[in-house]
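These notes are about the structure you will find just below.
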Amino acid sequence: MIDNADEKSIGVTAFKSRCLALIDEVAEGKTRRVVLVKRNRPVAAIVPLGEEQPELWGSMRGTVKVAPGTDLTRGTGEVWEAER
């Protein structure tokens with residue numbers, strides 16, 4: 001296992017017995033991330049989630065202004081390749 005102050009690398013077999021402790025270290029900020037290695041190749045990482053991601057649905061509400069008189073339901077007349 002490679003052990004830097006902010007990052008650890010551990011084989012998946014060794015991870016099985018230490019997973020809860022390593023997850024706690026990441027969650028508490030003691031370790032920035034834990035890289036899981038299988039056959040000397042990184043396969044996954046445990047990182048903190050950070051702040052909760054904002055809801056995407058409606059996140060751009062109010063950011064677009066439609067010009068008066070614009071009909072958003074009218075077609076553009078553009079022929080798509082799929083329609084040929």
Side-chain angles (χ1 to χ4, degrees):
M1 177 171 78
I2 299 169
D3 188 357
N4 295 338
D6 63 343
E7 181 175 309
K8 292 184 178 184
S9 178
I10 188 170
V12 293
T13 304
F15 174 75
K16 288 179 186 179
S17 63
R18 298 196 48 215
C19 66
L20 294 178
L22 291 169
I23 290 170
D24 286 342
E25 284 182 27
V26 172
E28 294 167 4
K30 295 176 183 175
T31 303
R32 185 175 57 88
R33 73 184 200 152
V34 176
V35 177
L36 305 179
V37 179
K38 188 173 186 178
R39 297 187 184 115
N40 296 322
R41 291 181 45 206
V43 294
I46 299 173
V47 296
L49 283 177
E51 59 187 62
E52 191 171 315
Q53 298 298 314
E55 176 66 37
L56 291 179
W57 185 258
S59 64
M60 294 189 67
R61 185 177 295 119
T63 62
V64 175
K65 303 280 189 243
V66 178
T70 303
D71 181 3
L72 296 177
T73 62
R74 192 182 83 220
T76 63
E78 182 178 345
V79 179
W80 290 30
E81 188 175 327
E83 295 175 353
R84 292 181 191 168

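All figures in this text were calculated on a predicted structure; none of them were measured in a lab. FYI, side chains are in, hydrogens and waters are out, and symmetry mates aren't considered; it's all heavy atoms of this structure.
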Exercise answer: donor-acceptor pairs, residues 55-65 side-chain atoms, under 3.5 Å, sequence neighbours excluded:
residue	atom	partner	partner atom	Å
S59	OG	L56	O	3.0
T63	OG1	M60	O	2.6

Using atom types as modelled, flag every donor-acceptor pair under 3.5 Å from a side chain in residues 41-49 to any protein atom, sequence neighbours excluded.
none

Side-chain polar contacts of residues 22-29 - donor-acceptor pairs under 3.5 angstrom, sequence neighbours left out - could you list them?
residue	atom	partner	partner atom	Å
E25	OE1	K8	NZ	2.6
E25	OE1	T31	OG1	2.9
E25	OE2	K8	NZ	3.3
E28	OE1	K30	NZ	3.1

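Shortest non-hydrogen contact noted between T70 and V66 is CB-CG1, 3.7 Å.
If you take CD on E7 and CZ on R32, they are separated by 5.0 Å, rounding to the nearest 0.5 Å. For the atom pair S17 OG and I10 CD1, the distance stands at 6.5 Å (nearest 0.5 Å).
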